[in-house]
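Below: one structure, written as structure tokens.
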Amino acid sequence: MVRLGAAGEAYDLPVVEKISEEHREDAFRVLVATMLSARTQDATTDGAARRLFARARRPASMAALPVSEIERLIYPVSFYRTKARHVRDACRLLVARHGGTVPATMEQLLALPGVGRKTANLVMIVAHRSADSICVDTHVHRIANRLGWVKTRHPEETEQALYRAIDRRFWPRINLYLVTWGQRVCRPIGPRCHLCAIRDLCPRVGVARRAGA
Ligand code: SF4
């Protein structure tokens with residue numbers, strides 16, 4: 001994990017961490033950017049989040065926007081129609097239940113429309129500095145299995161298995177390290193094992209074809 005972290009420093013931060021760093025860990029921006037980021041390239045998420053926040057910065061003002069306007073602002077993120085509705089409805093709930101702030105418990109976050117465990121855990125880690133959370137997305141799920149850390153079929157299963165398999169001090173950083181690695185090196189198709197900083201430690205479970213192999 002230490003080697004992965006050091007090697008990942010050569011690359012740009014993933015979009016949610018970048019937005020958080022630029023806006024002093026603003027929990028609302030982290031929440032919305034994470035909601036927009038599912039199955040979407042970082043550059044597309046970044047542009048969409050900037051356009052949306054230029055129009056409305058807080059939950060109350062964003063909740064007042066018509067869904068059609070949010071759709072227009074966040075296009076072309078994937079599933080932009082569903083995400084626009086979820087963002088508007090989540091903002092309404094933040095205003096109604098939490099005084100326009102982003103809650104800091106998994107239970108409260110998971111009650112927001114469009115927020116699953118991946119989003120809730122990332123908000124806990126990046127915005128609320130939780131040391132007790134692991135955020136598992138497709139990159140973390142894939143690489144943890146290739147490395148043989150876990151043997152799982154679904155991201156939620158992977159999250160629970162990683163709590164058991166990985167030293168607690170690395171929990172909040174697993175997502176940052178593996179997302180960076182998954183975007184650049186351990187790609188879904190054609191992982192670049194010849195460039196990998198941990199190739200001597202990796203059993204490459206389930207890797208059929210490697211780039212440069
Ligand atoms: S050696 Fe290959 S499969 Fe293993 S982590 Fe590195 S890129 Fe991924």
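Atoms within each ligand, like the ligands themselves, are counted from 1 in listed order. What you see is a predicted model; the values in this text were computed from it and never measured.
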### Query
Side chains of Thr44 and Gln41: donor-acceptor distance under 3.5 Å anywhere?
no

### Task
Decide, counting backbone as well as side-chain atoms, whether Cys202 has an N, O or S atom less than 2.8 Å from atom 2 (Fe) of ligand 1.
no

### Message
Run the ring pair (Phe, Tyr, Trp, His ring centres under 6.0 Å) test against Tyr163 and tell me which residues pass, sequence neighbours left out.
### Response
Trp171

#### Entry: Numbering as shown, the atoms of ligand 1 that approach Arg199 to under 4.0 Å (heavy-atom distance)
1 (S)

#### Entry: Val207 neighbourhood, listing ligand 1 atoms whose heavy-atom distance to it stays under 4.0 Å
3 (S)

Show me, pair by pair, the donor-acceptor contacts under 3.5 angstrom made by side chains of residues 31-39, not counting sequence neighbours?
unit_1, atom_1, unit_2, atom_2, d
Thr34, OG1, Val30, O, 2.6
Ser37, OG, Thr34, O, 2.8

### Query
Short check: any N/O/S atom of Cys196 below 2.8 Å from atom 6 (Fe) of ligand 1?
yes

### Task
Answer yes or no: is there an ion pair linking Glu156 with Arg117, defined by an N-O contact shorter than 4.0 Å?
no

